J.: 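Before I ask anything, let me first share the structure, which is written out below as structure tokens.
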Amino acid sequence: MLKLVHASKIYDRSGVCALRGVNLSVRRGDYVSITGASGSGKSTLMHILGLLDTLTEGRYLLGGTDVSGLPPQALARLRGEKIGFVFQRFQLIPGMTALENVALPLTLQGVARPERLARAAEALRAVGLSHRTAHKPNQLSGGQQQRVAIARAVVTRPCVVLADEPTAGLDPEAAAEVLSLLDGLHERGNTVVLITHDHTAAARAARRLYLEGGVLSG
Ligand SMILES: Nc1ncnc2c1ncn2[C@@H]1O[C@H](COP(=O)(O)OP(=O)(O)O)[C@@H](O)[C@H]1O
Ligand SMILES: [Mg+2]
């Protein structure tokens, strides 16, 4: 489903080599965690896998298609169709309700309003937030905001959910809830890549990988 072959990333301006010859294969339904110290290249890897950035060297195959070298518009379209993101800082839109935030990716895909709202409501129900659909992000706790972000990530039925340090800003109880939601996604057949510096969180995944200085090992 996802495959990186000899993938390297050098940031142009700084010349920092953030990924070095990474080979990675993630199959449908896998639950993979990637742990590494700060600066080891975790977010860079997430940006590459999520089509938010491109490789300097190597290839990236997503669902059998070689996406290296695709133009930005094609990458943006694929990103919307195939990738669900969960970020450390939630990245919800402040002026929108929970329901509107979750429905937004469907708007971008041109899904009609009634279906959009129904699917967003169902996604919020699945994360236990049916009673918070009309709340704005600043009326929700950090844990609730991250659950909204998880609902938004899965509402498009993506090929893969990429979570970058999704529990880093949360208290232990909220963090545990977020991790069990990710476990639940995996149990229902979703492909999940969990990026974290927390080894306890990483241990929940079936497959554990480690990043050190841009080098990935199993
Ligand atoms: N946009 C960027 N431009 C230049 N260097 C960057 C950029 N983003 C990250 N880096 C550098 O790449 C390395 C890996 O960073 P990052 O992927 O954010 O690591 P992590 O998420 O594991 O903390 C670091 O040395 C960082 O300073
Ligand atoms: Mg990071």
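We count ligands from 1, going down the list as the structure has it; atoms in each ligand are counted the same way. What you are looking at is a predicted structure, and each value in this text was computed from that prediction instead of being measured.
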J.: What orientation do His186 and Tyr31 show, parallel under 30°, tilted 30 to 60°, or perpendicular over 60°?
T.: tilted

J.: Can you find a protein heavy atom closer to atom 27 (O) of ligand 1 than 4.0 Å?
T.: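 Flag for atom 27 (O) of ligand 1 set to false, no protein heavy atom closer than 4.0 Å.
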
J.: Could you tell me whether the side chain of Gln146 and the main chain of Val178 form a donor-acceptor pair under 3.5 Å?
T.: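 Not a single qualifying donor-acceptor pair exists.
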
J.: Does the protein place a non-hydrogen atom closer than 4.0 angstrom to atom 14 (C) of ligand 1?
T.: yes

J.: Determine, for Asp183 against Arg204, whether the closest basic-nitrogen to carboxylate-oxygen distance falls under 4.0 angstrom.
T.: yes

J.: Measuring from the heavy atoms of Gly36, does anything fall under 4.0 Å of ligand 1?
T.: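 The answer is no: ligand 1 sits nowhere under 4.0 Å from a heavy atom of Gly36.
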
J.: Using heavy atoms and a threshold below 4.0 Å, how should the contact between Ser40 and ligand 1 be classified: side chain, backbone, both, or neither?
T.: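 Both of them.
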
J.: The Mg ion (ligand 2) and Ser43: any N/O/S contact shorter than 2.8 Å?
T.: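 Here the distance criterion (N, O or S atom, under 2.8 Å) is met by Ser43, so yes.
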
J.: Looking at Arg207, I'd like to know if its CZ atom is crowded, meaning that more than 12 non-hydrogen atoms belonging to other residues, nucleotides or ligands lie closer than 6.0 Å.
T.: yes

J.: Under 4.0 Å from a heavy atom of Lys42: which atoms of ligand 1 are those, numbered in the order shown and with their elements?
T.: 17 (O), 19 (O), 20 (P), 21 (O), 22 (O), 23 (O)

J.: Atom 18 (O) of ligand 1: which protein heavy atom is closest, and how many Å away?
T.: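 The protein heavy atom lying closest is Ser43 CB, 3.7 Å.
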
J.: Record the part of Thr44 in heavy-atom contact with ligand 1 below 4.0 Å; permitted values are side chain, backbone, both and neither.
T.: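 Both backbone and side chain.
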
J.: Starting from atom 9 (C) of ligand 1, which protein heavy atom do you reach first, and at what distance in Å?
T.: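 Answer for atom 9 (C) of ligand 1: Tyr11 CE1, 3.4 Å.
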
J.: For Gly80, does its backbone N or O pair with a side-chain atom of Gln109 as donor and acceptor, under 3.5 Å?
T.: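 Present.
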
J.: At the 4.0 Å heavy-atom cut-off, does Ala37 count as touching ligand 1?
T.: yes

J.: Which heavy atom of Leu49 sits nearest to which heavy atom of Leu162, and what is that distance?
T.: C-CD1, 3.8 Å

J.: To the nearest 0.1 Å, how far is atom 25 (O) of ligand 1 from its closest protein heavy atom, and which atom is that?
T.: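 I find the closest protein heavy atom is Val16 CG1, 3.7 Å.
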
J.: Taking the minimum heavy-atom distance to atom 20 (P) of ligand 1, which of Cys17, Gly39, Gly15 ranks first?
T.: Gly39

J.: Show, in sequence, the C-alpha distance, side-chain angles and deciding distance for Ser43 and Asp164, and conclude whether the side chain to side chain donor-acceptor pair (under 3.5 Å) test is met.
T.: CA-CA 7 Å; Ser43 292; Asp164 189 4; 2.8 Å; yes

J.: Suppose I only count heavy atoms of Ser14 and a 4.0 Å limit; which atoms of ligand 1 are within that range?
T.: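 The list of qualifying atoms is 4 (C), 5 (N).
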
J.: Has the side chain of Asp53 got a donor or acceptor atom that lies under 3.5 Å from a matching backbone atom of His47?
T.: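 Here the side-chain-to-backbone pair does not exist.
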
J.: Just need the protein heavy atom nearest to atom 19 (O) of ligand 1, so name the residue and atom and give the distance.
T.: Gly41 N, 3.2 Å

J.: Could you walk me through whether Asp198 and Thr196 pass the side chain to side chain donor-acceptor pair (under 3.5 Å) test, one step at a time?
T.: CA-CA 5 Å; Asp198 176 351; Thr196 179; 5.1 Å; no

